[in-house]
Amino acid sequence: QVQLVESGGGLVQAGGSLRLSCAASGRTFGTYPMGWFRQAPGKEREFVAAVSWSGGRTVYADSVKGRCTISRDNAKNTEYLQMNILKPEDTAVYYCAAARTGYLHVRAEEYDYWGQGTQVTVSS
């Protein structure tokens with residue numbers, strides 16, 4: 001069983017930056033592909049970014065490409081999402097997720113573990 005705890009959300013003005021963190025329990029963190037998703041009020045959960053278990057491969061949603069960077073530190077059992085040039089449309093609850101198998105996933109149903117979420121609010 002893996003437990004994921006996000007942190008780093010908050011209120012920021014448009015154009016600002018935030019760094020989200022996801023701390024994971026478990027000795028096998030380094031073998032799990034990881035991802036970030038977000039859900040805005042009244043909308044479905046959507047993919048943001050994913051990173052392979054080694055950190056060597058990443059993939060991003062078009063809506064955040066060029067503004068966000070996903071990374072991980074397997075020694076610290078932590079995943080990160082650096083978000084820059086934030087826009088009001090980035091406002092959402094952000095969730096980190098881990099998959100038991102595979103290499104790089106973009107679909108929510110491919111992930112097995114989820115955090116509780118952290119709120120990101122971008123004011124205009």
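All values below were derived from every heavy atom in this structure, side-chain atoms included, with hydrogens, water molecules and symmetry-related copies excluded. Residue numbers count from 1 along this sequence. Keep in mind it's a predicted model, so treat the numbers as computed, not measured.
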request  = Take V5 and C22 through the side-chain contact (heavy atoms from CB on, under 4.5 Å) test and state the conclusion after the steps.
outcome  = CA-CA 5 Å; V5 180; C22 175; over 6 Å; no
task = Using the side-chain contact (heavy atoms from CB on, under 4.5 Å) rule, take L81 and T69 through it: C-alpha gap first, then chi angles, then the decisive distance, then the call.
result = CA-CA 6 Å; L81 184 68; T69 302; over 6 Å; no
Derivation of the side-chain contact (heavy atoms from CB on, under 4.5 Å) call for T91 and V120 = CA-CA 5 Å; T91 295; V120 171; 5.9 Å; no
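A centroid separation of less than 6.0 Å is found between the aromatic rings of Y111 and F37.
W114 and W36 are members of different hydrophobic clusters when ILVMFWY side chains are connected at heavy-atom separations under 4.5 Å. When hydrophobic clusters are built by joining Ile, Leu, Val, Met, Phe, Trp and Tyr residues whose side-chain heavy atoms come closer than 4.5 Å, directly or via intermediates, W53 is not grouped with V51. V59 is connected to Y103 through a chain of hydrophobic side-chain contacts under 4.5 Å among Ile, Leu, Val, Met, Phe, Trp and Tyr, so both are in one cluster. In terms of hydrophobic clustering, with Ile, Leu, Val, Met, Phe, Trp and Tyr side chains grouped at heavy-atom distances under 4.5 Å, V122 and Y60 are assigned to a common cluster. L4 and L18 fall within the same hydrophobic cluster, defined by Ile, Leu, Val, Met, Phe, Trp and Tyr side-chain heavy atoms under 4.5 Å apart, directly or through other members.
Rounded to the nearest 0.5 Å, atoms OG (S52) and OH (Y32) are 15.5 Å apart. Here the straight-line distance linking atom CZ of R67 with atom CG of N84 works out to 9.0 Å at 0.5 Å rounding. Note: R100 CZ to E110 CD = 13.0 Å, rounded to the nearest 0.5 Å. Annotation: the span from R72 atom CZ to T58 atom OG1 amounts to 12.0 Å, rounded to 0.5 Å. To the nearest 0.5 Å, atoms SG (C96) and CD (E6) are separated by 4.0 Å.
Inter-residue side-chain proximity for K76 and N74 is flagged as unmet; no heavy-atom pair is nearer than 4.5 Å. Using a 4.5 Å cut-off on side-chain heavy atoms (C-beta onward), Q82 and S17 make contact.
For the residue pair A24 and V2, the shortest heavy atom distance occurs at CB-CG1, 4.4 Å. Pairing each heavy atom of D73 with each of F29, the nearest pair is O-CE2, 4.1 Å. The minimum heavy-atom distance linking A40 with A92 is given by the pair N-CB, 3.8 Å. Residues M34 and I70 approach most closely at O-CD1, 4.4 Å, considering heavy atoms. Taking both residues in full, the closest heavy atoms of T101 and P33 are given as O-CG, 3.7 Å, listed atom of the first, atom of the second, then distance. In terms of heavy atoms, Y94 sits closest to R38 at OH-NH1, 2.9 Å.
Remark: R45 qualifies as a cation-pi partner of Y95 under the 6.0 Å distance and 45° angle criteria applied to the six-membered ring. A cation-pi contact, defined as under 6.0 Å to the ring centre and within 45° of the axis, links R19 to Y80.
No more than 12 heavy atoms of other residues, nucleotides or ligands lie within 6.0 Å of CD in Q3, so this atom counts as exposed by the packing criterion.
Without hydrogens or angle criteria, N77 side chain to A23 main chain gives no donor-acceptor distance under 3.5 Å.
With respect to the salt-bridge test (charged N to carboxylate O, under 4.0 angstrom), the residues D90 and K87 do not qualify.
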